[in-house]
Amino acid sequence: MKYDFREIELNAKDKWAEHKAYAVAEDPSKPSFYVLDMFPYPSGAGLHVGHPLGYIASDILARYKTMSGYCVLHPMGFDAFGLPAEQYAIQTNRHPEETTKENIDRYRQQLELLGLGYDWNRSVTTSDPNYYKWTQWIFLQLFNHVYRGDLQKAAPIEELFGHFRHFGSSNHPFLGTAHDAFSADEWNQFDSEKQAAIAMNYRLAYQADAWVNWCEALGTVLANDEVKDGFSERGGHAVEKKRLKQWFLRISTYADRLLLDLEGLNWSAAMKEMQSNWIGKSEGASLGFKVANSEIVLEVFTTRPDTLFGVSFMVLAPEHPLLAEVVKFGFEEALAYAKQASNRSERERQAGSEQATGAFTGSYALHPISGKELPIWVGDYVLAGYGTGAVMAVPAHDTRDHKFAMAFGLPILPVIELPEDESLPYESKEGRLMHSDFLNGLEVKEGISAMLAHLEAKKLGLKTVNYRLRDANFSRQRYWGEPFPIVYSTGIAKAVDVQDLPVELPHMEDFKPTGRPESPLTKAKAWTELPEGIRETDTMPGFAGSSWYFLRYMDPKNNEHFASSAALNYWKQVDVYIGGTEHAVGHLLYARFWHKFLYDLGYVPGHEPFKRLVNQGMILGRSNLVYRETSTGKYVSAGLVPTSKKGFQALHVDVNVVHDDALLPEQVLAIFPEARPHLLVLEEGVLKCGVEIEKMSKSKFNVVNPDAIVEDYGADTLRMYEMFLGPIEQSKPWNTQGIEGVNKFLRRVWRHCISEGGHCVLTSDSPEPAALKSLHTLLKRLHQDIEDMSMNTCISAFMICLNELLDQKCKSIEIFRPFSLALSPFAPFIAEALWEKMGGVGLACKQEFPKVEEKHLVEDQFSYPVSFNGKKRFDLTLPLSLSPSEIQQEVLSHAEAKKWLQGQTLRKVIVVPGRIVNIVLG
RNA sequence: GCCCGGGUGGUGGAAUCGGUAGACACGCAGGACUUAAAAUCCUGUGGGCAGUGAUGUCCGUGCGGGUUCAAGUCCCGCCCCGGGUACCA
């Protein structure tokens with residue numbers, strides 16, 4: 001019987017369904033293992049061959065772990081809420097509820113084709129009310145908690161109220177936004193609206209007026225990580241700064257822990273680096289500069305207090321809150337400048353960055369030590385969102401300050417001795433300080449600590465740690481997201497009662513963005529207007545649902561809790577998390593933040609969600625191009641086109657039509673309506689196509705669908721080929737041609753074990769030592785490499801082993817039974833069929849993974865490569881029992897060696913037993 | 001600019017601790033079987049030079065140096081490609 005993958009796959013699927021092979025239940029008698037895939041946003045385009053790469057790798061690991069005695073959780077779900085899903089619905093002029101459901105069904109179908117062992121009963125969908133009930137619940141926990149700086153831990157907001165009632169705002173340990181001080185009496189006198197406003201400065205989920213990224217085209221604000229180079233990451237639309245009242249998550253309170261705990265994680269260095277850069281911790285001093293003839297004090301943050309004597313002016317951000325007060329009569333130009341600068345989009349501000357712009361305010365600040373007058377300027381190179389939005393400018397030792405000083409003719413005061421070949425601005429932290437009073441003669445690093453000590457002693461400033469990480473904007477003015485469980489009554493934001501969760505998203509026919517910074521939900525009057533007040537109409541961003549989904553898989557049907565503590569304590573954390581690098585700072589940082597918060601509240605047993613992270617590379621498309629000569633309109637075969645491609649237009653053609661990188665003339669005529677037979681310039685009767693490696697996308701006609709591959713070769717072949725392509729972390733091009741190799745491997749396994757009539761032709765003969773050695777070499781490899789996620793080398797090991805067994809004409813069932821069980825994680829369908837044909841009882845995928853027996857691997861001789869001066873000249877097989885000196889003797893007395901030794905002086909002999917012999921001649 | 005990855009045959013890639021570079025595949029070439037095709041099997045396949053030939057010999061892991069008996073692997077200096085990030089005070 002030939003290898004009929006269609007029948008084999010159908011049978012195996014039936015058998016798995018019948019035995020509920022992939023249903024997972026916590027088994028306390030076994031150790032747990034949690035393998036997680038980053039769940040997909042189900043796009044309208046369906047899966048291409050690049051998507052399942054990580055799913056297949058994780059499936060192999062999960063199956064291997066199951067067979068090795070672990071209770072394994074390997075779930076899959078859908079990230080269905082959010083901008084992309086809604087944009088897709090708008091484009092196709094349908095409701096997101098409908099399109100989302102359809103896309104999920106299609107995704108699931110495609111995934112099921114591949115034989116991935118997911119327990120679909122545990123699947124979650126973020127847009128399902130039973131799921132987002134708990135997203136809302138966690139939001140309410142954030143709303144009702146504050147952060148204690150002294151304990152580095154979240155605490156109930158009642159603690160804050162208690163402190164304010166008894167002690168007012170003095171000496172409280174809570175981290176938040178600065179506000180005016182008050183006494184206990186004052187607090188108790190405040191009306192509830194005022195108290196609520198003050199509490200907003202501390203809640204971990206809070207509302208504030210802030211400069212946010214407003215995207216006109218998408219009709220919503222975006223978080224910092226959703227904006228790249230001044231454009232929206234999704235769609236590439238312009239983004240501008242706007243001051244709006246929004247919900248935020250106070251992730252900044254967790255900045256230090258998010259940074260410190262990176263250390264213990266088994267993540268790639270690059271990934272940790274990206275997170276660490278995003279958090280952007282910097283240590284320095286904050287100090288106040290008094291404004292001359294006023295009460296105003298300008299706070300600045302600097303990492304270089306050593307250069308304080310080099311300050312020659314100050315610069316405020318255009319959005320600085322005190323700017324209007326600082327600007328003197330007659331200098332209104334500065335206000336006009338600031339207004340115009342803050343109205344410019346982020347993009348425009350960056351584009352004009354070669355030219356420093358700014359204006360003088362007319363005011364002067366006083367140097368905190370020397371008392372010297374320093375002109376105060378406003379300039380858009382100072383960012384409102386970082387530090388205090390004001391800088392002390394040291395043009396001699398900061399490039400940006402230098403550029404500004406040069407543009408406006410401001411003084412430049414060097415305070416560090418300049419090394420020979422250096423010029424200003426000199427930013428290095430090497431050198432000796434000068435013109436700096438008590439710092440003169442000190443090294444920069446000494447100067448920093450000396451100045452810090454001085455500032456603190458004189459109460460002029462404080463040692464301060466600053467973070468680049470800012471609080472996460474949590475409001476979106478869009479329809480397709482989780483509604484906030486918040487109702488406003490008498491102007492106060494109040495939490496919806498937990499019993500009333502979920503607050504369900506109302507069905508709306510017209511859900512399109514309003515174009516104003518206002519959610520479409522404002523139009524659902526019946527939904528927003530309640531007897532007790534008005535509902536919040538913004539919705540949560542895409543990352544809300546994805547920040548905790550991995551916990552819900554542990555106990556997805558629970559109606560009382562987001563997951564039971566029994567389940568949480570059994571699975572603990574994700575052991576291996578597989579996904580792309582694109583989520584380095586968004587999802588992974590928010591998920592860590594939420595997890596730490598839940599840990600502080602005692603809900604989860606550990607403070608990090610993902611122990612090990614594996615980033616799969618992208619599978620790139622291999623595009624085919626047809627070259628058309630621009631001047632003549634001729635379609636020219638690739639071999640005849642000059643390398644420079646000058647004068648030629650490269651047109652993408654569908655790779656699913658092209659065979660062996662060539663098109664038949666009639667195909668060309670069918671694809672291009674303007675093509676005529678006389679316009680074709682062929683080679684050997686065909687039009688050869690150019691090849692380019694680029695991202696797989698519809699517009700490039702290079703998308704290969706897994707369904708088509710499964711149709712032609714079967715799912716086992718697709719699984720193995722995806723793994724065989726190369727290391728999982730690496731990006732590599734897809735080339736369907738190469739698939740023959742693994743397909744042939746599976747056919748050979750089948751044909752060797754199963755007769756034409758469909759019977760097992762293996763014998764019960766006891767296996768030869770050589771066969772045992774081949775098998776156990778394979779097993780040893782697998783045990784190592786599967787854990788390392790080095791699946792490509794596993795596949796080669798299978799091929800090597802089979803090649804050897806075929807050479808040996810081995811037919812022993814004692815070899816091929818463990819061989820096919822070992823194959824089961826990689827090619828589960830064929831393994832199931834082989835297991836059955838070999839008379840196995842139960843399911844192959846539930847058997848114990850074959851163990852390595854080292855005794856079959858012991859060698860007693862080794863073929864030594866013998867080198868002279870590092871160049872290999874011959875091989876010599878010797879017993880491994882020989883000592884180095886015996887080996888040396890054997891080698892030197894060998895006839896072949898004599899030839900090379902002739903007329904040469906023997907300098908040295910290097911013998912590494914079991915490896916190499918090298919003879920040094922002189 | 002800065003910070004990470006990475007450069008190995010025609011292609012994807014392998015190579016444990018510094019120890020036989022190119023495993024395993026694809027492709028290609030030749031052959032067997034076949035009326036033919038498919039399928040299957042066998043042989044060869046980094047490059048140069050010499051030889052009818054077995055074979056011999058030199059070069060070879062982006063480039064240039066270095067360490068070492070021995071370097072794809074370690075060190076120094078460059079070049080190129082991919083990713084991240086950018087007025088972060």
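Quick caveat: nothing in here was measured; it's all calculated off a predicted structure. Lettering of chains follows the sequences in order, A, B, ..., and the numbering in each one begins at 1.
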**OP:** Can you figure out which of B:C4, B:A86, B:A89 approaches the side chain of A:Arg468 most closely?
**Re:** B:A86

**OP:** For the side chain of A:Tyr381, starting at C-beta, report the closest nucleotide among B:A70, B:U85, B:C87.
**Re:** B:C87

Original post:
Looking at the angle O4'-C1'-N9-C4 for a purine or O4'-C1'-N1-C2 for a pyrimidine, is B:C26 syn or anti, with syn meaning within 90° of 0?
Top reply: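 For B:C26, whose glycosidic angle is more than 90° from 0, the conformation is anti.
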
Subject >> Syn-anti status, with the boundary at 90° from 0, for the nucleotide B:G56 >> reply: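 Anti, angle beyond 90° from zero.
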
Original post:
Counting just side-chain N and O atoms, does A:Arg747 come under 4.0 Å of either OP1 or OP2 of B:U40?
Top reply: yes

Original post:
Does a side-chain N or O from A:Lys732 land closer than 4.0 Å to OP1 or OP2 of B:G12, or not?
Top reply: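 For B:G12, OP1/OP2 do not have a side-chain N/O of A:Lys732 under 4.0 Å.
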
**OP:** Please lay out, stage by stage, how A:Thr793 and A:Ser790 fare under the test side chain to side chain donor-acceptor pair (under 3.5 Å).
**Re:** CA-CA 6 Å; A:Thr793 50; A:Ser790 173; 2.6 Å; yes

Original post:
Considering residues, nucleotides and ligands other than A:Lys780, do more than 12 of their heavy atoms fall under 6.0 Å from its NZ?
Top reply: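 Atom NZ in A:Lys780 is not crowded, with 12 or fewer foreign heavy atoms closer than 6.0 Å.
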
**OP:** Find which nucleotide of RNA chain B each of A:Arg781 and A:Gly280 is nearest to by heavy atoms, and output the residue with the more 5' nucleotide.
**Re:** A:Arg781

Original post:
For RNA chain B, whose closest nucleotide is more 5', that of A:Glu273 or that of A:Gln730?
Top reply: A:Glu273

Subject >> Dot-bracket pairing map - RNA chain B, Watson-Crick plus G-U, both contacts under 3.5 Å, | cross-strand >> reply: (((((((..(((......[....)))((((((.......))))))(((((....)))))..(((((..]....))))))))))))....

Original post:
What distance, rounded to whole Å, do you find between the two C1' atoms, one in B:A89 and one in B:C75?
Top reply: 37 Å

Using 4.0 Å as the upper bound for N to carboxylate O, is an ion pair formed by [Y] and [X]?
X: A:Lys773; Y: A:Glu859; value: yes
X: A:Glu692; Y: A:Arg622; value: no
X: A:Lys281; Y: A:Asp256; value: yes
X: A:Asp4; Y: A:Arg6; value: no

**OP:** Over 60° means perpendicular and under 30° means parallel, so classify the ring planes of A:His587 and A:His583, tilted if in between.
**Re:** perpendicular

**OP:** May I ask you to decide if the ring planes of A:Phe404 and A:Tyr381 are parallel, tilted or perpendicular, using 30° and 60° as cut-offs?
**Re:** tilted

**OP:** Decide yes or no for A:Gln616 and A:Ile578: does some side-chain heavy atom of the first lie under 4.5 Å from some side-chain heavy atom of the second?
**Re:** yes

Subject >> Sugar-phosphate or base contact per nucleotide [nucleotides 20-32 of chain B; S, B, -; heavy atom under 4.0 Å] >> reply: B--BBSSS-----

